[in-house]
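Since the structure comes first, as structure tokens, the remarks are kept for the end.
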Amino acid sequence: MAAEKITSRSQDYSQWYLDIIHRAGLAENSDVRGCMVIKPNGYAIWEKMQRALDRLFKDTGHVNAYFPLFIPKNFFQKEEQMAEGFAKECAVVTHYRLRSRQGKIEVDPEAKLEEELIVRPTSETIIWNTFKNWIQSYRDLPLLLNQWANVVRWEMRTRLFLRTAEFLWQEGHTAHATQQEAEDETRQMVEVYRRFAEEWMAMPVLVGPKSEGQKFPGAVYTLCIEALMQDGRALQAGTSHFLGQNFAKAFDVTFQNDKGQREFAWATSWGVSTRLIGGLIMTHSDDQGLIVPPRLAPIHVAIVPIGKTDEERDQTVQAAERLAQALRDLPRESFFDYEPLIVRVDKDFQHMPGFRFAEWELKGVPVRVELGPKDLAQNACVLARRDMGKEGKQLGVPLTEAPARIVTMLKEIQSSLFAKARAFRDRSIHQANSYDEFKKKIEDGGFVMAHWDGTRETEDRIQEETKATIRCIPFDRVKEAGQCMVTGRSSEGRVAFARAY
RNA sequence: CGGGGUGUAGCGUAGUCUGGCCUAACGCGCCUGGUUUGGGACCAGGAGGUCGCCGGUUCGAAUCCGGCCGCCCCGACCA
């Protein structure tokens, strides 16, 4: 059978991306324009991400809450930058009832809302409107909240996971008594995102502020983690905003300090979304299918028993079940978020072994165990690493040693995926010392570090002429005096440009 | 919303220009039976379609004409 092949990355990267999502059963486009259905295999990855992030949030003192999906229109008018920033992509609810006319359902014109409701594109307004009632004293601060939610941004063009009209995310919203504390929080949370990206997703990121032109509407400044995909395009993977007192002033959120004076509260917000799944795919996967780093893998190990006869099958299945149980019974450790290893025994004997191997590779399961009569005869099995080809198979691994070997292997895969992605990212960072050189290098993809005069005008011009944007002004950049590649004006260091998703 | 394309079985397509052996074909997938099984097996049989929708032309429409709708790509916008 000629199995449906995945388009190779070199042939058509964007088709490859869609093929992976389809064949690994992660998501599909729904009949609702711009909205995706996240299928079980995709949602399982999101659940793993949620669990890990939620722990990191709780460990830094945050608690979860939930705010309404709908936001009264007038809330948006209170914070100008935000209203302007999101105006063009809001879904608006205008009526609250349908009626049936000659067998056809229509919106009941009698049921028009007095004030339209906006489906949240982000929740700063509704949350700060609520904070007004929660904050009176400096003793009420800080308020460290997070919510897991869906939001809607009416995008014109969508791509599965990377940009959909509705997406799932978490949004942290905090209120503080001092500017310093809020800025520390902003910085702390971008660091949490960096850790998650690098230690769980095995996805290296640049960390630092966005330029004025790229910051969040309503923010004083925006910190971000910025990743690089295999095709050389950048992906904004998470943002943490210092909102100053903008929202406190818009919603009149004040408190009395310990000297009895009234002050406006200081705000932050920060979020990551299901877009991370797109980033995960485009960081690690190959032409054979999805590759998921072990710490986020919904299934860690797939065991494939092999046999021709019923007797052989019975025996290899039994051995597979025993190994699966041994793996599940291993002591839980922090590396796997104190959860048991998830192991599947593949009893699909309808298909040939090669087909079954390929299917597990397609789904990105990090470790596959092959267990046939020949292995069983010597009480052994074969271990295969998803991130390595057929050459990486380990033959004749004694069944008694297998669980320990597999745990070691999972840890190796995690660090090896990160090392590989970081090596790729590092060799994709180039420098440009003139605008001409920049234009050439930006064509090749990757980050191009260049001097920029710090103005919005120059940034806009570069974007217009090259489609590249400033992705990040990395915290760890070298301070060096230079001249803007476009205007020749002075610059205190290079910033990271790239074409982005 | 501008420019370009496209709509035929669950998916991917052929057929449309030049109307008629199209009573709609092919591949994948699906169902049944059998042979297979250490890197994507094979054989046989079978199920599945208002050819996007509405109207028109014609003896006859997937095919021609008109209108509508959906989707895709390119642009403006973007976690």
Side-chain angles (χ1 to χ4, degrees), chain A residues 1-7 14-15 18-19 22-23 28-34 84-90 120-123 149-159 161-171 193 210 213-217 219 222 224-227 234-241 269-279 288-289 304-310 312-313 316 346 348-362 368-377 380-382 384 389-393 395-396 463-464 467 469 500-501:
Chain A
M1 178 193 78
E4 188 187 340
K5 287 284 180 204
I6 291 176
T7 306
S14 131
Q15 188 58 47
L18 294 173
D19 284 356
H22 175 232
R23 297 296 308 284
E28 61 191 34
N29 275 312
S30 71
D31 287 338
V32 185
R33 66 164 283 165
E84 204 177 309
F86 287 104
K88 280 171 279 182
E89 52 189 55
C90 284
R120 62 182 166 214
T122 180
S123 301
N150 57 339
V151 287
V152 169
R153 298 182 189 177
W154 211 261
E155 302 289 353
M156 298 303 279
R157 297 188 54 205
T158 59
R159 300 190 70 190
F161 291 119
L162 297 176
R163 177 165 301 109
T164 47
E166 178 192 17
F167 56 94
L168 305 184
W169 77 344
Q170 59 67 218
E171 46 182 327
Y193 288 157
K210 285 282 184 194
Q214 299 285 327
K215 76 174 187 187
F216 178 75
T222 291
C224 69
I225 55 169
E226 196 75 21
L235 183 76
Q236 177 170 310
T239 46
S240 180
H241 316 291
S269 70
W270 27 275
V272 295
S273 71
T274 37
R275 167 180 261 198
L276 288 177
I277 297 173
Q288 270 60 57
V304 185
I306 299 163
K308 291 192 184 79
T309 64
D310 282 350
E312 282 175 349
R313 291 176 184 182
T316 55
D346 172 3
D348 174 18
F349 290 103
Q350 300 310 305
H351 288 106
M352 306 189 75
F355 178 91
R356 297 156 75 198
F357 299 163
E359 281 298 306
W360 289 112
E361 284 169 4
L362 205 46
R368 184 180 69 249
V369 180
E370 301 169 10
L371 193 46
K374 291 179 216 162
D375 304 299
L376 211 50
C381 62
V382 176
K390 290 175 202 172
E391 315 77 51
K393 281 193 188 182
L395 307 177
Q463 174 166 13
E464 200 170 310
K467 298 202 187 298
T469 48
Y501 275 101

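Note that the structure is a prediction, hence the values are computed from the model and not measured. Labels below follow one simple rule: chain letters A, B, ... track the order of the sequence lines, proteins then strands, and each chain is numbered from 1.
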Provide, to the nearest angstrom, the distance between the [atom1] atom belonging to [X] and the [atom2] atom belonging to [N].
| X | N | atom1 | atom2 | answer |
| --- | --- | --- | --- | --- |
| A/H22 | B/rC11 | NE2 | C1' | 7 Å |
| A/E166 | B/rA79 | CD | C1' | 14 Å |
| A/D375 | B/rG39 | CG | C1' | 14 Å |
| A/E312 | B/rG38 | CD | P | 11 Å |
| A/W154 | B/rA76 | CH2 | C1' | 18 Å |
| A/F355 | B/rA41 | CZ | C1' | 11 Å |
| A/E370 | B/rG38 | CD | C1' | 7 Å |
| A/R159 | B/rC77 | CZ | C1' | 16 Å |

Nearest heavy-atom neighbours spanning [X] and [Y]:
| X | Y | value |
| --- | --- | --- |
| A/F167 | A/T274 | CB-OG1, 3.6 Å |
| A/C90 | A/P121 | SG-CG, 4.1 Å |
| A/W169 | A/V272 | CB-O, 3.1 Å |
| A/R120 | A/E171 | CD-OE2, 4.5 Å |

More than 12 heavy atoms of other groups within 6.0 Å of A/D348 CG: yes
A/Q15, CD atom: more than 12 neighbouring heavy atoms under 6.0 Å: yes
Heavy atoms under 4.0 Å, any strand shown: does [X] hit a base, just sugar-phosphate, or nothing?
| X | answer |
| --- | --- |
| A/S273 | base |
| A/V151 | nothing |
| A/Q236 | sugar-phosphate |
| A/Y501 | nothing |
| A/P373 | base |
| A/K210 | nothing |
| A/G372 | base |

Provide the distance between the two [atom1] atoms, one in [N] and one in [M], to the nearest whole Å.
| N | M | atom1 | value |
| --- | --- | --- | --- |
| B/rU63 | B/rC51 | C1' | 10 Å |
| B/rG45 | B/rG27 | P | 12 Å |
| B/rG12 | B/rC72 | P | 12 Å |
| B/rA61 | B/rC54 | C1' | 15 Å |
| B/rC69 | B/rC21 | P | 33 Å |

Within 45° cone and under 6.0 Å: A/R356 NZ/CZ vs A/F349 ring: yes
Pi-cation contact, A/F357 with A/R368 (under 6.0 Å, within 45°): yes
Heavy-atom donor-acceptor pair, A/E361 side-chain to B/rG39 base, under 3.5 Å: yes
Aromatic ring pairing A/H241/A/F216, orientation class (parallel under 30°, perpendicular over 60°, tilted between): parallel
Check nucleotides 34-37 of chain B for protein N or O atoms closer than 3.5 Å to its own N or O atoms and list the pairs.
unit_1: B/rU37; atom_1: N3; unit_2: A/R313; atom_2: NH2; d: 2.6
unit_1: B/rU37; atom_1: O4; unit_2: A/R313; atom_2: NH2; d: 2.0

CG on A/D346 to CG on A/L371, rounded to 0.5 Å: 11.5 Å
Residue A/K390, side-chain heavy atoms: nucleotide from B/rG39, B/rG40, B/rA79 that is nearest: B/rG39
Nearest listed nucleotide, side chain of A/L362, among B/rG39, B/rA79, B/rG40: B/rG40
Working for side chain to side chain contact (heavy atoms under 4.5 Å, CB included), residues A/Q170 and A/W270: CA-CA 8 Å; A/Q170 59 67 218; A/W270 27 275; 3.5 Å; yes
Stems where RNA chain B pairs, listed by first number, each of three or more Watson-Crick or G-U pairs under 3.5 Å: B:1-7 with B:69-75, B:10-13 with B:25-28, B:30-35 with B:41-46, B:52-56 with B:64-68
Centroid under 5.5 Å and tilt under 30°, A/F357 to B/rG40: no
